[in-house]
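Below is one structure; the comments refer to it alone.
Chain naming here is simple, since letters A, B, ... match the order of the sequence lines and numbering starts at 1 in each.
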Amino acid sequence: MAGSNRDVAERLRFMAQLLEVTGEEDVFKVRAYERAAQQVEGSPVPVSELDEKALVAIPGIGSGIAKKIASIVRTGTFPELSELKAKIPDSLPELLKLDGVGPKTVHRLWMKLGIESIEDLEKAARSRRIRAVKGFGEKKESEFLRSIAQYRASATRMTRDRADAVVAKVASVLTPGTFEVAGSYRRGKSTVGDIDIVSKESPRAVNARLRPIADEMINEGEQRTSVRCLGERVDIRFTDIGSFGSMLIYLTGSKDFNIRLRALAIERGLKLNEYGLEERTGGTFHTFPDEASLFATLGLPLIPPEIREDRGEIERALAGDLPVLVGPGAIRGDLHVHTSATDGRMTLEELAGAGAERGYEYILISDHSSTLHITHGLDADGVTAQGKEIERVNRTSVCQLLAGIEVDIMADGSLGLPDRVLGDLDIVIASVHSGLHEEKDTMTRRILSALANDHVDILGHPTGRLFPSRAAYDLDMDRVMEVAKGNRTALEINASPYRMDLDDPQIREARDRGLLLSIGTDAHEREDLGNISHGITLARRGWCSPGDILNTMDRDALLRWAS
DNA sequence: GCCGTTTTCGGCCCGACTGTTTTCAGTCG
């Protein structure tokens, strides 16, 4: 169905791309559509439910785009988009994804050489036809070919664990305490495009140390160096200690956040750049060794990196009303792990030990039910036997194991184990693992029917997405949240780097509606338990406070909540 | 296209870097 926030944002963003490649409109109109798309995507409320007045109240959406959103919700598109789409080859906007290729380049190549696609561009560059166009030369041709090869090699973004590996490799040649990873990595996004690092060391020293570990030095500068490492792009920006704070803010972004921050600086009679703040009259320049002092000068508290997305955080910060975000210290346990009884690697004893090492009060044992044959899931007898084992382990364990299950939601919406079995367990997670390509209505009904079961406490990985290959299944999340709220069912934040499910806009929506969220690593082996940090980061991106997160309850409160 | 306790018109974040330039446009972050 057209009209979900994601659909609307996609149409608006497509409009922005088409406007870009026509090359006729100014960049500000393009940005207006992009910003509107961003706002819709981050909106906790479905825009399909808002009237024009409520839409215009969203920053970045005026009466013009409000009407277009209404049209998208009603018809799936809007007239200006349809008209523009008819004028431009479908394959043209994809050219914008190439590194070094922007709207002006696309427009010019299209007009002068009839280049409409990446394939066209490749052919033209190979046959050396591009250098004939004024403003292009030999270097540009080889640059295009390089970009095309790179684009084809890595069309997907990094998962968090892959990003961690790249960061670790680069960090191994940097001096501890002299750098900070910035960019979308620091903001905690579910996937990461490239790695950005701010360094206080000397460029020459760092460049020399990077060469042996890099696949390729893309370019080496005094201010900035770009390398490819483990196949991924890493940008390092050099700064002196005095400007570290402003440089870190600049490189952490997001882009939209930076634009708002700079606009705020202008309102204060200041000009913000990556080196500091300049007074517009008099020209006195102020530098900041850390972020907090720069924020303070703008009249703001330190805004946590995870929420720097221009989704209302600046307004809330100005009002002194930022939420207190949940942190690692508040987490008392892991609410989704598997054991060697099914497809996991750890025994109950090992899990209890690993939990104690992490300082956990509890771990929820949640193996698959037998209906998921591929994992050798537990049947009723298996659950009973595991329950006895859990009691035995708990007698000597500091970290208490909770008896649970990740029960399958079957095609007809029933659950993979009978109620009498589920009723004996402390906490029940219900998840979909099969029939992932059902129609939206069918999938929604399946899940609602599972939520209607009183024994179900948590809906596991609610959208079913899997990086890099599987998209979220089609689901009326609005309805699911409504019913989950009514039944007091928690939604899971699955912290596996391959799932990261729910994603942050949905977490924010759930939080705003007063739902509880449960962080689970879905660990199958010991190292996976560390993924809890990804879940906490996601919760922070969704503006969650400790009170929004199930895992911050102590064991007794948790069991009371579940009963 | 959005926005407004200086503005309903005329702004809209700012700097580094590259390639193609002989003074700058385009792209990127």
Side-chain angles (χ1 to χ4, degrees), chain A residues 12 15-16 19-21 23-39 55-69 78 80-81 95-109 130-144 146-147 182-187 193-198 203 218-226 233-239 243 246-278 280 298 310 314:
Chain A
L12 294 175
M15 181 69 182
L19 284 174
E20 266 196 301
V21 296
E24 286 157 20
E25 300 287 350
D26 66 298
V27 294
F28 300 106
K29 188 164 169 179
V30 174
R31 184 182 299 156
Y33 275 103
E34 276 170 354
R35 173 148 195 252
Q38 165 94 9
Q39 291 294 330
L55 285 171
V56 170
I58 299 173
I61 295 179
S63 61
I65 288 186
K67 286 195 179 65
K68 292 175 174 88
I69 290 174
F78 54 96
E80 292 83 352
L81 179 62
L95 284 162
L96 292 172
K97 293 184 180 166
L98 298 174
D99 203 30
V101 177
K104 295 285 198 300
T105 303
V106 171
H107 185 71
R108 192 114 126 263
L109 292 174
I130 293 174
R131 62 187 67 176
V133 181
K134 189 164 185 285
F136 294 92
E138 216 173 310
K139 286 243 176 92
K140 273 286 174 192
E141 284 176 348
S142 50
E143 175 67 14
F144 288 148
R146 200 193 63 82
S147 294
S184 59
Y185 180 90
R186 181 164 182 247
R187 297 203 313 282
D194 63 6
I195 303 291
D196 298 295
I197 294 175
V198 183
I218 298 170
N219 49 56
E220 298 178 51
E222 282 293 304
Q223 310 282 343
R224 175 197 303 160
T225 284
S226 300
R233 186 185 175 110
V234 180
D235 292 329
I236 299 173
R237 189 67 197 263
F238 301 101
T239 174
S243 287
S246 49
M247 187 63 83
L248 187 55
I249 288 176
Y250 158 69
L251 216 62
T252 296
S254 66
K255 183 179 152 202
D256 292 321
F257 177 84
N258 284 348
I259 289 172
R260 287 297 313 281
L261 211 56
R262 285 173 169 175
L264 187 68
I266 291 172
E267 283 176 32
R268 306 261 192 276
L270 298 162
K271 188 172 78 167
L272 173 64
N273 62 26
E274 57 263 53
Y275 305 107
L277 280 170
E278 185 183 347
R280 296 213 131 186
L298 291 174
D310 189 21
I314 291 178

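Regarding the sugar-base torsion, B:dT7 falls in the syn class, its angle being within 90° of 0.
Atom name C1', nucleotides B:dT27 and B:dT21: the rounded distance is 16 Å, in whole Å. Atom name P, nucleotides B:dA16 and B:dG11: the rounded distance is 25 Å, in whole Å. B:dT20 and B:dG15 are spaced 26 Å apart, taking the P atom of each and rounding to whole Å. The separation of B:dT22 from B:dT8, taken at their C1' atoms, amounts to 43 Å, rounded to a whole angstrom. One C1' atom belongs to B:dT7, the other to B:dT18, and the distance between them is 38 Å to the nearest Å. Across B:dC17 and B:dT6, the matching C1' atoms stand 37 Å from one another, rounded to whole Å.
None of A:Met247, A:Glu274, A:Arg186 except one satisfies the side chain to side chain contact (heavy atoms under 4.5 Å, CB included) rule with A:Val198; the exception is A:Met247. Of the candidates A:Thr105, A:Leu98, A:Leu95, A:Asp99, A:Thr105 is the only one forming a side chain to side chain contact (heavy atoms under 4.5 Å, CB included) with A:Phe144.
Not one side-chain nitrogen or oxygen of A:Arg131 sits closer than 4.0 Å to the OP1 or OP2 atom of B:dG19. A close approach under 4.0 Å does occur between a side-chain nitrogen or oxygen of A:Lys68 and OP1 or OP2 of B:dG1. Checking the phosphate oxygens (OP1, OP2) of B:dC13, no side-chain nitrogen or oxygen of A:Asn258 falls inside 4.0 Å. Between A:Arg31 and the phosphate of B:dC13, there is a side-chain N or O to OP1/OP2 separation shorter than 4.0 Å. Dashed line: the shortest gap from a side-chain N or O of A:Lys134 to OP1 or OP2 of B:dT21 is not under 4.0 Å.
When heavy atoms are screened at a 4.0 angstrom cut-off, A:Glu141 is found touching no nucleic acid atom at all. A:Val101 comes within 4.0 angstrom of sugar-phosphate atoms only, judged by non-hydrogen atoms across all strands, and of no base. Looking at heavy-atom distances under 4.0 Å, A:Lys67 makes no contact with the nucleic acid at all. Within the 4.0 angstrom heavy-atom criterion, no nucleotide atom of any strand lies near A:Leu270. Residue contacts for A:Arg280: at a heavy-atom cut-off of 4.0 Å it reaches the sugar-phosphate backbone alone, with no base atom in range.
The pair A:Arg233-A:Asp235 meets the salt-bridge criterion, since a charged nitrogen lies less than 4.0 angstrom from a carboxylate oxygen. Using a 4.0 Å cut-off between charged nitrogen and carboxylate oxygen, A:Arg146 and A:Glu143 count as a salt-bridge pair.
A heavy-atom distance below 4.5 Å is found between the side chains of A:Leu12 and A:Ile69.
What separates NZ of A:Lys104 from C1' of B:dT20 is a distance of 17 Å, to the nearest Å. In this structure, A:Leu264 atom CG and B:dG4 atom P are separated by 13 Å, rounded to whole Å. Straight-line distance from the CZ atom of A:Arg262 to the C1' atom of B:dG15: 8 Å, rounded to whole Å. Taking atom CG on A:Leu261 and atom P on B:dG29, their separation rounds to 20 Å, with Å as the unit. Taking atom CD1 of residue A:Ile218 and atom P of nucleotide B:dT27, one finds them 19 Å apart after rounding to whole Å. Summarising the geometry, the separation between CE on A:Met247 and C1' on B:dG29 is reported as 11 Å, rounded to the nearest angstrom. Regarding A:Phe136, its CZ atom lies at a distance of 13 Å from the C1' atom of B:dT21, rounded to whole Å. Atom CD1 in A:Ile130 sits about 11 Å away from atom P in B:dT20, given to the nearest Å.
Ranking B:dG1, B:dA16, B:dG29 by closeness to the A:Tyr275 side chain, first place goes to B:dA16. When the nucleotides B:dC28, B:dT20, B:dC14 are ranked by their closest atom to the side chain of A:Lys139, B:dT20 comes out on top. Comparing B:dC2, B:dC17, B:dC13 against the side chain of A:Lys255 picks out B:dC13 as the nearest. When distances are taken from the side chain of A:Arg108 to each of B:dG26, B:dG29, B:dG1, the shortest belongs to B:dG26. The listed nucleotides are B:dC13, B:dT20, B:dG15; the one nearest the side chain of A:Asn273 is B:dG15. Of all nucleotides listed (B:dA16, B:dG15, B:dT20), B:dT20 comes nearest to the side chain of A:Lys140. When the nucleotides B:dC2, B:dG29, B:dC14 are ranked by their closest atom to the side chain of A:Ile266, B:dC14 comes out on top. If you check B:dA16, B:dG26, B:dT20 against the side chain of A:Thr105, the one that comes closest is B:dG26. The listed nucleotides are B:dG1, B:dC13, B:dA16; the one nearest the side chain of A:Tyr33 is B:dG1.
Atom CG of A:Leu261 and atom CD1 of A:Ile259 lie 11.0 Å apart (nearest 0.5 Å).
Across every non-hydrogen atom of A:Gly193 and A:Ser184, the tightest pair is N-OG, 4.0 Å.
Taking a pair to require two hydrogen-bonding distances under 3.5 Å in either a Watson-Crick or a G-U wobble arrangement, B:dA16 pairs with B:dT27.
On a pure distance criterion of 3.5 Å, a polar donor-acceptor pair joins the side chain of A:Tyr250 and the base of B:dG29.
Residues A:Ile65 and A:Glu222 each lie close to DNA chain B; by heavy-atom proximity, the contact nearer the 5' end of the strand is made by A:Ile65. Nearest-nucleotide mapping onto DNA chain B: of A:Leu96 and A:Gly64, the residue sitting toward the 5' end is A:Gly64.
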Passes salt bridge (charged side-chain N to carboxylate O under 4.0 Å, His left out), A:Arg35 versus A:Asp310? Steps please. CA-CA 9 Å; A:Arg35 173 148 195 252; A:Asp310 189 21; 3.1 Å; yes
